[in-house]
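Comments concern the structure below.
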Amino acid sequence: MASSSNTGKKIQADSTDDDYTEVEDEGEEDEEDLEHFDDFTLASSWERFISEIEAVCRLWMSDGPKNLLVKGAVLLDDYGNLYKMTSETKYAMKSYSMEYYFETNSAVDAGKPANWNFDLHDLQLCFGVKEFLVIAPQSASGVVLDAPEASKLLSAVAIALSNCSSLWPAFVPVHDPSRKAYIGIQSMGTVFTRRFEADRIGSQVPIKLMHLEGLYELFVSKFAYSTLDLSVHNFKVRIAMKLTFRTLPFDEDYMKDFDAKMTKSRENLSGETSNGTQWDDDCSWSEWYSAEDPVKDFELTATWSEKMVESSMEMAELENASPHEAEKWSISSRLESSKESRIGFASQLHLLVDALQMSFEAQFIEDFVSAENPGSDNLRSSLVIPSPTVRDRVLKELFIEGVKFSDFSDGGYKTSRAVKGAPLESLFAQFCLHSLWFGNCNIRAISVLWIEFVREVRWCWEESQPLPRMPPNGSIDLSTCLINQKLHMIAICLERKCQLTEDFQDCIGSVDHIDSMSEEESVVGDDLLNTQTPSENFSGKVDRNPEDADVSDDTKSSDFTRRGSAGIVDSMMLLKSHQSMHAPYTQEPPLMTEDMHEERMQAVEAFGDSFNFSAQLEKDILTSDMSAFKAANPDAIFEDFIRWHSPGDWEADDDPESSGSASSNALDINKSKDSWPPRGRLSKRMSDHGNLWRNIWNSSPALPASEQKPLLDPNREGEKVLHYLETLQPHQLLEQMVSTAFRAAADTISQTSYGELNQMETKIQQLYPTMASALRPLQVNRLSADSETIEDIRRLCVVFERVEKLLTVAASLHRKLIRAPRLSREIFSDYYNFYIPTMGTDLTDEVVEKEFDKKQEVRDNEREVLSNMFVPPTANQSWRKVLSMGNLLNGHEPILREIIFSLHDKVSGNHYAARCGSVSQQDIETYRMYICGTSNDLRVALSVASCD
């Protein structure tokens, strides 16, 4: 509260009458003795009240907009560039709030009726003002209910503004708050004073005022008998009109009619249409849940700018005009509030994290469903298991016959491999997605479903049936979770188990067929075997075991039979026989999952072998390679195998002519023959006495890969996988399920079509690294029920929910505005910029947000698209039965009609105008009426400039 008193005394109201008693201020007695000035203009409380208002106004005027921003002016988010300063004052034991509204951009003329800015304050729109002052009581209603009090309050403000030569309009809210009624006054710096009044008619709207013609006559009646020097018979009224239309709610019936209309225009926006179709039936998440449409409806605003009207007949013609004739169209969408509860992947992931926390309460999965578990009674009462029918349906969908594996490298988002889960189309990923919706994703329901899942896997193994949704070949992807690796392993074991059974039956009584091939005619490989071409440098191993690709050397080769050769190794010959070296087909290295690799590394550390062996497995692999090399090169010696298998252990002499360097042409081969034998020696580790490699060479038989014992025992490895799945601890299962569920859910929603939205693309790209970082501790397998990691994952659910919500909005806008992609991009961009600041800087819940109502201008080529969204209402809709207003759009009448009537007059030849010379040379708005509402709810605001 400000005051202009300089007396240094406090003013205290007497409790019995209106007189005031001066109370001595003890801290300023010396100053009181020096000054004894009595200001008789402040003799009463009324004068003091005016003085306080004047002091505040002078302070705000002297500061100016820039300094007011520094002093704490508040930006009103809903009104663009509008700021507010607030001060408090008292009068007659009542507190009042003074609010000064101003703009920093003086070039913006918000008061012109032709300028339908959507970010105008209500008083700016009603009365055509720019900066203004509002004084209101600090009460629950915020309005002055007593008419004399309102007049006195407005008079005090008017006097204060006049004393400080301010041209600010001042307003006082009156009557009931629901009426939005105001009275106001403004000194125009001339002989004129403008008075304001606004009120709401409510439901008692006369029939005449339901139409533009009646509203026009209402405005004319305000000045037809005015004392102003106007020629009332030749006046021209300026009008501007804005109509707001709203689409029907996007429910099932509306979408059915909308899709049918778009089908007729050969632009079906929803793909296949059917009775009762959901808006998101063509979205990627529709297989798991149906999201509530975030786009509730669209509001279309048709605007007519300033137009000159001379008679009520012209207003009647304007009422019959089509909205397509409007000069400007704008559109806005009403979107769901961020605080509304919604069902989606994020909500179910929250429940899955709860199940992860509960998984530490038992050692075995069966404990959560067993009656012997001490806590089973509590679990039974709080966590419900779906019926066996639902469980069987889920298992049937998971293990449905005929579902083949897909290329996992193509599934999901390109950065999803950063999350250690399972590919989207894999068996375990589908299990996790089904678990999210099975029994509301509680730990008991998950346990029951997992036990039945493992039983189905064992049934496939025992019956030699292929495992659905898993590839029966290829290498195991160690970047996926361990359960997915195990399922891939058992799928491969199933395939090889079936192959061994078929081979055993086919090979009874069969004889190996050996093809001969001369050295000159032998080739490195063919397209069928996927080996190298003769022009390539062939010096490596071939991991293949063909049945009909065995080749033998020419007549100059050894008498022994050559078997399992994949072709000649260029420019390399056997040391003793002077024959070309053949590369053998070798067995593929045995497949290993992540835990098997860890066991292998532990074995290496335990044995500490200098040759980097890992027990029996490495020995078996080396024996297989040596046997295959011997079969392909019957005259080979140990040194020949080292030159082929481990070139680093063969030390050649410095003479380049004697080296066995690789070459791909016949000239180098002949040169190699002429400089025979090559000069070189084994490395020190290979030439040591008792070398393990040489011992294996001496004991290895000459057998091609096709006749060797498989390195991978499918029966043994398959049983190991089943044992792992059946003895998996609950928390180990849930940890992998959480990672896989996040990855699969993100892969699913990222497949949604949302158009070219760069912000959405960026958000999805950022989601995967965020998930990978938050879920990485789950790979360590050292969690506990009270671990901070669980809280981090809960916060990750919040991040996922935000992205999922943005994606839902993007998909809905894209679907509805697929023929107007620019509008879809612009609306989403506005919503994105509006929504992101409300999310905060951390992973906590978002702050409370205001309603999104940003508008976008519609171009001429987009009007037809929006017009088609207004499906003609059906006859059974109650509001359709009586149409009271004109300007229909496909049978829809406006939900809001706004009109500005104005009459201008020239101000000149008046000495009062000297205070504002610019005004004296131009027209001023002498009468202005703003009318908004519908046929049964009308609000009228009138401003009149009068000569006082």
Side-chain angles (χ1 to χ4, degrees), residues 112-118 120 122-128 178-181 198-222 237-248 297-309 312-332 334 853 855 858 863 866-867 870 873 877 879-902 928-943:
K112 293 293 184 181
N115 191 359
W116 287 106
N117 289 343
F118 295 107
L120 291 179
D122 179 57
L123 293 178
Q124 289 179 319
L125 187 59
C126 286
F127 302 110
S178 62
R179 293 169 60 175
K180 296 183 179 180
D199 204 349
R200 178 182 176 187
I201 298 179
S203 59
Q204 303 298 324
V205 179
I207 298 178
K208 186 176 182 179
L209 298 183
M210 295 181 181
H211 303 283
L212 294 182
E213 184 178 0
L215 297 176
Y216 172 79
E217 294 177 356
L218 173 65
F219 175 69
V220 172
S221 66
K222 298 299 179 180
V237 177
R238 302 180 186 182
I239 69 165
M241 183 169 68
K242 183 173 68 175
L243 304 177
T244 302
F245 300 87
R246 179 180 294 166
T247 60
L248 299 177
D297 49 47
F298 286 104
E299 285 190 0
L300 174 65
T301 303
T303 305
W304 282 262
S305 61
E306 191 172 280
K307 180 181 178 66
M308 305 301 294
V309 176
S312 59
M313 292 297 296
E314 296 183 38
M315 295 300 299
E317 294 176 1
L318 182 60
E319 186 170 6
N320 294 326
S322 170
H324 290 276
E325 301 176 12
E327 300 174 8
K328 180 180 178 181
W329 275 23
S330 301
I331 187 176
S332 65
R334 186 166 60 95
D853 58 354
K855 294 184 181 294
V858 180
R863 290 193 176 190
L866 298 183
S867 178
F870 289 85
Q877 292 173 328
W879 66 267
R880 176 67 175 84
K881 297 178 181 180
V882 178
L883 293 178
S884 304
M885 303 168 63
N887 306 115
L888 302 182
L889 177 61
N890 292 346
H892 292 253
E893 68 175 7
I895 63 168
L896 181 66
R897 180 170 59 188
E898 299 174 79
I899 306 173
I900 297 177
F901 296 98
S902 62
R928 185 182 192 275
M929 180 180 288
Y930 169 78
I931 302 175
C932 72
T934 60
S935 59
N936 58 358
D937 189 1
L938 208 60
R939 186 180 179 211
V940 180
L942 177 65
S943 63

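Quick caveat, the model's predicted, so the values are computed rather than measured.
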All side-chain hydrogen bond (donor to acceptor under 3.5 Å, both in side chains) counterparts of Glu314, not counting sequence neighbours: none
Check: Arg928 side chain, Cys126 main-chain N or O, donor-acceptor pair, under 3.5 Å: yes
Audit row: Leu318, Trp304, side chain to side chain contact (heavy atoms under 4.5 Å, CB included) steps and yes/no: CA-CA 10 Å; Leu318 182 60; Trp304 282 262; 4.2 Å; yes
Trace of the side chain to side chain contact (heavy atoms under 4.5 Å, CB included) decision for Leu243 with Leu889: CA-CA 10 Å; Leu243 304 177; Leu889 177 61; over 6 Å; no
Considering all heavy atoms, the nearest Ala326-Thr303 contact: CB-O, 3.6 Å
Euclidean distance, Ile239 CD1 relative to Ile899 CD1, rounded to 0.5 Å: 7.0 Å
Over all atoms of both residues, closest heavy-atom pair of His324 and Ser867: NE2-OG, 3.6 Å
Interatomic distance, Thr247 atom OG1 to Asn890 atom CG [nearest 0.5 angstrom]: 12.0 Å
Lys180 atom NZ, neighbour heavy-atom count above 12 within 6.0 Å: no
Val237 side chain reached by Phe219 side chain, heavy atoms, under 4.5 Å: yes
Non-hydrogen atoms of Phe127 and Leu942 that approach each other most closely: CE2-O, 3.7 Å
Pairwise side-chain contact, Val309 with Phe901, heavy-atom cut-off 4.5 Å (strictly under): no
Residues Asp937, Arg200; criterion salt bridge (Lys or Arg N to Asp or Glu O under 4.0 Å); working and verdict: CA-CA 8 Å; Asp937 189 1; Arg200 178 182 176 187; 2.7 Å; yes
Evaluation steps, side chain to side chain contact (heavy atoms under 4.5 Å, CB included), between Asn887 and Ser322: CA-CA 5 Å; Asn887 306 115; Ser322 170; over 6 Å; no
Ring center gap for His892 and Phe870 short of 6.0 angstrom: yes
Thr244 and Glu299: side chain donor to acceptor below 3.5 Å: no
Approximate separation, where rounding is to 0.5 Å, of Glu319 CD and Arg897 CZ: 5.5 Å
Gap between atom SG of Cys932 and atom NZ of Lys242 - 0.5 Å precision: 9.5 Å
Side chain proximity check, Phe298 to Leu866, heavy atoms < 4.5 angstrom: no
Contacts of type side-chain hydrogen bond (donor to acceptor under 3.5 Å, both in side chains), residue Arg939, not counting sequence neighbours: Asp122
Steps toward side chain to side chain contact (heavy atoms under 4.5 Å, CB included) verdict (Ile201, Val940): CA-CA 8 Å; Ile201 298 179; Val940 180; 4.2 Å; yes
Point-to-point distance, once rounded to the nearest 0.5 Å, from CE of Met315 to CG of Asn320: 11.5 Å
Main-chain N/O of Leu300 paired with Arg246 side-chain donor or acceptor, under 3.5 Å: no
Reported OG-to-NZ distance for the pair Ser332 and Lys855, which is rounded to 0.5 angstrom: 3.5 Å
Option passing side chain to side chain contact (heavy atoms under 4.5 Å, CB included) with Met929 (candidates Leu218, Val220, Ile900): Leu218
Heavy-atom check, side chain of Asp297 versus side chain of Leu248, under 4.5 Å: no
Backbone N/O of Pro323 and side chain of Trp329: donor-acceptor pair under 3.5 Å: yes
